[in-house]
There are 2 protein chains.
Amino acid sequence: MDLVFKALADPTRRVLLDRLFKRNGQTLSELCGGWEMSRQAITKHLAVLEDANLVASVKRGREKLHYLNPVPINEIGERWIGKYERGRLKALADLKRSLENDDG
Amino acid sequence: MDLVFKALADPTRRVLLDRLFKRNGQTLSELCGGWEMSRQAITKHLAVLEDANLVASVKRGREKLHYLNPVPINEIGERWIGKYERGRLKALADLKRSLENDDG
DNA sequence: TTAATAAGCAACCAAAAGGTTGCATGTCAA
DNA sequence: TTGACATGCAACCTTTTGGTTGCTTATTAA
């Protein structure tokens, strides 16, 4: 889980996921286009995403195809965000009450 | 949005959120208990959470009370995770098909 | 076979993150 | 008013992160 959160912390990596979401199975070269950044930098970002199991890759000839794996992101939503969502209204109410109270 | 993702990337900060979720309005001293880490380190982590608007704080006398703000987390779920969830089944199917295909 | 294309590897560097320490400030209670 | 408590500030250090460059390897197409 830590790897997933860390992977998502970088905007470049989130855009890479966005790109793969738009069109799955892109090669490294394709994913490297449109950045002001070297191919190696993108390669590293993709490695981070693979370590976090957010992207899977397959070699086809001299190309490397990349596929988005949405499962870990979905797990964040289910196991971590849902928790706070459940308490959302209560927490907001508590916050408001606390801020309005003279003694804190 | 970037600040929120970055804030969530650190396990210490996620545990801090968990603690506040369990009991809202804790003081700095309370939140500093139970770590193998200095008070200053926790203070910094809380500052990151505040910058990301995940935690709000109020001073009461010499104490500083901390409150969980679940809204940004909820927004991640709605604006970012939902996107991939929608395409989840399709993406998985694509992945499977691609991996099983001889030519990639 | 040879040249171009796609990707991998490794060393290196700067900046940011995470942590520490020491000291200062403000508040409460005796 | 004095001491203890709760927190704030700032300098400093180490490790990680994000990026670069140069070179190598492997595949494809001419």
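Just so we're clear, the structure is a prediction, and the values are computed from it rather than from any experiment. In the text below, chain A, chain B and the rest are named by the order of the sequence lines, each starting its count at 1.
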Exercise. Please state how far atom CZ in A:F5 lies from atom C1' in D:dT16, giving the value in whole angstrom units.
Key: 20 Å

Self-check item: Shortest side-chain distance from B:R62, nucleotide among C:dA7, C:dT5, C:dG26
Solution: C:dG26

Quiz item: How long is the line joining CD1 of A:I42 and C1' of C:dC9, in whole Å?
Solution: 18 Å

Exercise. Return the value, rounded to whole Å, for the distance between atom CG of A:D51 and atom P of D:dT16.
Key: 15 Å

Quiz item: Phosphate oxygens OP1/OP2 of C:dA7: is one of them under 4.0 Å from a side-chain N or O of A:K59?
Solution: no

Self-check item: Rounded interatomic separation in angstrom, taking NE2 from A:H66 and C1' from C:dG8
Solution: 12 Å

Self-check item: B:K6 and A:D10 ion-paired at < 4.0 Å
Solution: no

Quiz item: Does D:dG18 have OP1 or OP2 sitting under 4.0 Å from an N or O in the side chain of A:T12?
Solution: no

Quiz prompt | Selected nucleotide, minimal atom distance to A:T43 side chain, candidates C:dA6, C:dG8, C:dG19 | solution = C:dG8

Quiz item: Looking only at side-chain N and O atoms, does B:H45 come under 4.0 Å of OP1 or OP2 in C:dA17?
Solution: no

Exercise. Counting heavy atoms from C-beta on, name the nucleotide in D:dG19, D:dT7, C:dA7 closest to the side chain of B:S29.
Key: D:dT7

Quiz item: Do any side-chain nitrogens or oxygens of A:R39 fall under 4.0 Å of OP1 or OP2 in D:dT20?
Solution: no

Quiz item: Could you state the interatomic distance from OG1 (B:T43) to CE (B:M37), rounded to the nearest 0.5 Å?
Solution: 11.5 Å

Exercise. Measure from CD on A:Q40 to P on C:dC13 and round the result to the nearest Å.
Key: 17 Å

Practice problem: May I have the step-by-step check of salt bridge (charged side-chain N to carboxylate O under 4.0 Å, His left out) for B:K64 and B:E50, ending in yes or no? | Solution: CA-CA 13 Å; B:K64 191 182 177 192; B:E50 287 200 53; 3.1 Å; yes

Quiz item: 5'-most contact on DNA chain D: A:A41 or B:E30, nearest heavy atom basis?
Solution: B:E30

Quiz item: Can you tell me how far C1' of D:dT16 sits from CG of A:D10, to the nearest Å?
Solution: 13 Å

Practice problem: Please determine, by modelled atom types, if A:Y84 and B:D18 share a side-chain donor-acceptor pair under 3.5 angstrom. | Solution: yes

Quiz prompt | Atom pair CG (A:L20) and CG (A:N69), whose distance is rounded to the nearest 0.5 Å | solution = 11.0 Å

Quiz item: Rounded to whole angstrom units, what separation is found between the CG atom of B:L16 and the P atom of C:dG18?
Solution: 12 Å

Self-check item: Contact under 4.0 Å: B:K64 side-chain N or O vs D:dG8 OP1/OP2
Solution: yes

Quiz item: NA contact type, B:E63, heavy-atom cut-off 4.0 Å: base, sugar-phosphate, or nothing?
Solution: sugar-phosphate

Practice problem: Considering just the side-chain nitrogens and oxygens of A:K6, establish if one lies under 4.0 Å of OP1 or OP2 belonging to D:dT17. | Solution: yes

Quiz item: Hey, does A:S38 reach any base, or is it just sugar-phosphate, or nothing, if we go heavy atoms under 4.0 Å?
Solution: base

Quiz item: Atom CG of A:L28 and atom C1' of C:dG8: how far apart are they, to the nearest Å?
Solution: 10 Å

